[in-house]
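This report refers to the structure that appears directly beneath it.
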Amino acid sequence: MAASDSMRLVAIGDSTVEGLEDPGPNGVYVGWADRFADHLNAVHPGLLYANLAVRGETAHEVRQTQLPRAVALRPDVAVVMAGVNDVLRPRLDRAALRDDLFALHSELAATGATVLTITMPDMARVAPLAVVLRGRIQYLNAVTRACADRYGSIVVDLASVSAASHPALWHTDRLHANSEGHRRIAAGLAEALGCEVEDWRADPAPVPPRSRARIAVNEAVWAVTNLLPWVWEHLRGQPPEAEVTCKRPELLPVR
């Protein structure tokens, strides 16, 4: 296939799209978007791929800073995942989140691109304290599904897959998938476009049961080492990711 005829894949969103906690060579994260690009490149050799995701960005920030560039790249396939940072903030403006997600999906769909996204699994299985966010995550998922109904986006519904919330697929920060989790999400996206993949829905080996005391200790340690620092930085309005830029701003061959 000539370069001018190569399929174009563009990914936008936050840290999960960037690939955090799926380490690769030279300190650059891989992540499910890159792995999805590998799947597509196997079927469409010469695939051109850009990843505009920036960790820490809200859905509105993705809309303002990434969406115009993504539209300008004229993607054939676009992957978008945003809204988790909104859910994690002390105050959630549900109407604004809905408006921003609708804009992301509608403007990408208007380019003629096939738009893919994912829902979030119930994180209480991974981090019991996350039960307080269950209603917000359900709302995010409902809006995501509404994007499919309105704009034809393809949704890989992780919320309906038991394995997606298995602790073995999540990093110790409980905010990002680990390498195996990223690999499975990529397989789910590839399957949605008709690629042959392994059974990414299979449950990992069971996790040994823990006592209530051990769970309480683990939750306290996680809150102190991961959750509270994240909340504090964002309350100050100075997230540590402020100077981070996207890892793949231009359309380039996967290999």
Side-chain angles (χ1 to χ4, degrees), residues 1-14 16-19 30-53 59 62-63 65-84 98-120 140-161 164 182-198 200-201 246-255:
M1 181 181 291
S4 60
D5 298 324
S6 296
M7 176 177 282
R8 295 166 172 244
L9 168 64
V10 177
I12 63 174
D14 51 31
T16 186
V17 184
E18 180 187 347
V30 182
W32 53 258
D34 288 18
R35 294 174 181 272
F36 174 53
D38 286 336
H39 280 290
L40 284 189
N41 190 54
V43 179
H44 302 279
L47 175 79
L48 299 176
Y49 166 51
N51 188 321
L52 310 181
V62 173
R63 178 182 180 181
T65 65
Q66 299 178 38
L67 180 60
R69 176 62 178 158
V71 169
L73 291 175
R74 299 182 290 109
D76 300 295
V77 178
V79 178
V80 55
M81 177 59 191
V84 174
R98 181 176 183 269
D99 182 62
D100 288 327
L101 290 177
F102 278 6
L104 292 172
H105 285 259
S106 64
E107 292 189 35
L108 288 170
T111 69
T114 298
V115 182
L116 293 95
T117 190
I118 62 176
T119 57
M120 285 293 296
L140 174 61
N141 289 342
V143 175
T144 299
R145 296 186 186 104
C147 290
D149 294 337
R150 279 179 171 244
Y151 310 114
S153 301
I154 297 172
V155 177
V156 176
D157 193 9
L158 300 183
S160 68
V161 177
H182 279 281
R183 187 186 68 80
R184 289 183 182 229
I185 295 170
L189 290 165
E191 181 185 76
L193 287 190
C195 299
E196 292 187 10
V197 297
E198 77 283 358
W200 60 275
R201 298 176 181 82
C246 66
K247 67 180 182 180
R248 198 179 175 97
E250 305 295 337
L251 286 166
L252 296 171
V254 173
R255 298 296 179 198

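Here the structure is a predicted model, which means the values were calculated and not measured. Both backbone and side-chain heavy atoms feed into the values below; hydrogens, waters and symmetry mates do not.
For H182 (side chain) and W32 (main-chain N/O), a donor-acceptor pair under 3.5 Å exists by modelled atom type. Between the side chain of N51 and the backbone N or O of K247 there is no donor-acceptor pair closer than 3.5 Å. Between the R248 side chain and the Y49 main chain, a donor and an acceptor come within less than 3.5 Å of each other. Checked by atom type and distance alone, the side chain of D76 never pairs as donor or acceptor with a backbone atom of A113 at under 3.5 Å. A distance-only check finds no donor-acceptor pair linking the side chain of E18 to the backbone of C246 [under 3.5 Å].
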Exercise for the section: Begin from the C-alpha positions of I12 and L108 and carry the test side chain to side chain contact (heavy atoms under 4.5 Å, CB included) through to its verdict. Expected result: CA-CA 11 Å; I12 63 174; L108 288 170; 4.0 Å; yes

Exercise for the section: List the steps and the verdict of side chain to side chain contact (heavy atoms under 4.5 Å, CB included) for R63 and D99. Expected result: CA-CA 10 Å; R63 178 182 180 181; D99 182 62; 2.8 Å; yes

Handout entry: Verdict with supporting geometry, D38 and L40, side chain to side chain contact (heavy atoms under 4.5 Å, CB included)
Key = CA-CA 5 Å; D38 286 336; L40 284 189; over 6 Å; no

Handout entry: Test log, rule side chain to side chain contact (heavy atoms under 4.5 Å, CB included), inputs L116 and V77
Key = CA-CA 8 Å; L116 293 95; V77 178; 3.4 Å; yes

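If you take CE on M81 and CG on L158, they are separated by 8.0 Å, rounding to the nearest 0.5 Å. With rounding to the nearest 0.5 angstrom, the OG atom of S6 is 9.0 Å from the CG atom of N41. In this structure, the separation between CZ on F36 and SG on C195 is 7.0 Å, given to the nearest 0.5 Å. Considering CG of L193 and CG of L9, their distance stands at 9.5 Å, rounded to 0.5 Å.
Closest non-hydrogen pair, L67 versus A103, comes out as CD2-O, 3.9 Å. A pairwise comparison of heavy atoms in V62 and G13 identifies CG2-O, 3.8 Å as the closest pair. Counting all heavy atoms, side chain and backbone alike, L52 lies closest to P249 at CD2-O, 3.6 Å. Shown here for A37 and L47, the closest heavy-atom pair between the two residues is O-CD2, 3.3 Å. In terms of heavy-atom proximity, T119 sits nearest to A159 at OG1-N, 3.0 Å. For G83 against D14, the heavy-atom pair with the smallest separation is N-OD2, 4.3 Å.
Here side-chain hydrogen bond (donor to acceptor under 3.5 Å, both in side chains) pairs that include residues 107-117, with residues two or more places apart or in two chains, number zero.
Contact check for V80 versus H105: side-chain heavy atoms found under the 4.5 Å cut-off. Residues H44 and H39 fail the side-chain proximity criterion, which asks for heavy atoms closer than 4.5 Å.
Taking a cutoff of 4.0 Å between a charged side-chain nitrogen and a carboxylate oxygen, R184 and E191 do not qualify as a salt bridge.
At most 12 heavy atoms of other shown residues, nucleotides or ligands fall within 6.0 angstrom of atom CD in E196.
In this structure D157 satisfies the salt bridge (Lys or Arg N to Asp or Glu O under 4.0 Å) test together with R145, sequence neighbours excluded.
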